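Here the structure is laid out as structure tokens; the discussion comes afterwards.
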Amino acid sequence: MLRTQGVLTRAAVEIRAAGPYDEEPIGSFLAGLSPRTRHLRFLTAVDADMAGRLLAADDRRDVLLAVVGEDVVGHAMGLTTGEEVEIAVVVADAWQGRGIGSRLVRRLLRRASVNGARTVNMDVLADNHRVLAMIRRLWPEAVARTSRGAVEISAPAEPALGGGVAPGGDGERSVIIDL
């Protein structure tokens, strides 16, 4: 994280595909998450093998990172099955509320749409108010079902794509300026 006398400074946040070389930065990212953020995303303890599992990508699984320099500040993954993609996102505590999660979601959905995904599914803890607010912004028509403290969300992927945005290829990269 870039800091000047303890205050976050302007930084370029790059969204890119993850690779096996990212295991150490992902490990540092996970270690830096607060217990609450880890619980909201993973629902369980984070073990030593988690970094490798978070980087596992193949023809159905996609993994994106938000990075500032060498530091990972966000992680998103999607599993595409037919016309559905299930997604999960986590952003470092100090970087939450800056639009990084929304941008990771949009990029992930653009890439999943190339593989035929038309519906996005998510499981969110009912007390994850920040993510539920993001979902309401991106998918006002989403169907939500509550079950045992979790909210199961299903929505068309297209509204979150920003309407008319052409899907990008696997080599797609972008830089976002956040304050």
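All of these numbers come straight from a predicted model, not from anything done at the bench. As a basis for the values below, the full set of heavy atoms in this structure was taken, side chains included, without hydrogen atoms, waters or symmetry mates.
- Partners of Ala57 under the side-chain contact (heavy atoms from CB on, under 4.5 Å) rule, at least two apart in sequence or in another chain, are Val63.
- Residues forming a side-chain contact (heavy atoms from CB on, under 4.5 Å) with Leu79 (at least two apart in sequence, or on another chain): Arg60, Arg61, Thr81.
- Rounding to the nearest 0.5 angstrom, the gap separating the CE atom in Met134 from the CG atom in Asn128 is 9.0 Å.
- From Met77, atom CE reaches atom CG of Leu54 across 5.5 Å, with rounding to the nearest 0.5 Å.
- In this view, Ala150 satisfies the side-chain contact (heavy atoms from CB on, under 4.5 Å) rule with no residue, not counting sequence neighbours.
- Applying the side-chain hydrogen bond (donor to acceptor under 3.5 Å, both in side chains) criterion to Thr37, with sequence neighbours excluded, gives Ser34, Asp93, Gln96.
- You'll find the side chain of Arg111 stays beyond 4.5 Å of the side chain of Val85, heavy atoms only.
- The two atoms that bring Ile15 and Ala66 nearest to each other are CD1-CB, 3.7 Å, heavy atoms only.
- Residues Leu65 and Phe29 fail the side-chain proximity criterion, which asks for heavy atoms closer than 4.5 Å.
- Residue pairs satisfying the side chain to side chain donor-acceptor pair (under 3.5 Å) criterion with at least one member in residues 43-55, sequence neighbours excluded, are listed as follows: Asp47-Arg53.
- Under the side-chain contact (heavy atoms from CB on, under 4.5 Å) criterion, Asp123 pairs with Glu86, Glu152, sequence neighbours left out.
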### Query
Does the side chain to side chain contact (heavy atoms under 4.5 Å, CB included) test come out yes or no for Thr119 and Glu83, once each step is laid out?
CA-CA 6 Å; Thr119 303; Glu83 292 189 356; 5.6 Å; no
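- Of all heavy-atom pairs between Leu55 and Ala18, the closest is CD2-CB, 3.6 Å.
- Among residue pairs with one or both ends in residues 72-81, none qualify as salt bridge (charged side-chain N to carboxylate O under 4.0 Å, His left out); sequence neighbours excluded.
- Contact detail for Ala142 and Ile135: the closest heavy-atom pair is CB-CG2, 4.4 Å.
- A salt bridge between Asp62 and Arg110 is absent, with no side-chain N of the basic residue lying under 4.0 Å from a carboxylate O of the acidic one.
- Proximity of Trp139 to Val105: side-chain heavy atoms (C-beta onward) are separated by under 4.5 Å at one or more points.
- Contact between Ser113 and Arg118 at its shortest, heavy atoms only, is O-NH1, 3.4 Å.
- With sequence neighbours excluded, no residue forms a salt bridge (charged side-chain N to carboxylate O under 4.0 Å, His left out) with Arg137.
- Every side-chain hydrogen bond (donor to acceptor under 3.5 Å, both in side chains) that Ser154 has, sequence neighbours left out, goes to Asn121.
- Atoms CD1 and OG1, from Ile87 and Thr80 in turn, are 10.5 Å apart once rounded to the nearest 0.5 Å.
- Minimum interatomic distance between Leu104 and Ala76 (heavy atoms only, all atoms of both residues): CB-CB, 3.9 Å.
- Between atom CG of residue Leu138 and atom CD1 of residue Ile153 there is a gap of 11.5 Å, rounded to the nearest 0.5 Å.
- At a threshold of 4.5 Å between non-hydrogen side-chain atoms, the residues Val67 and Glu14 count as touching.
- Alongside Leu125, the hydrophobic cluster contains Leu40, Leu43 (criterion: ILVMFWY side chains under 4.5 Å).
- Listed by first and then second residue, the side chain to side chain donor-acceptor pair (under 3.5 Å) pairs that reach into residues 18-27 are Arg16-Asp22, sequence neighbours excluded.
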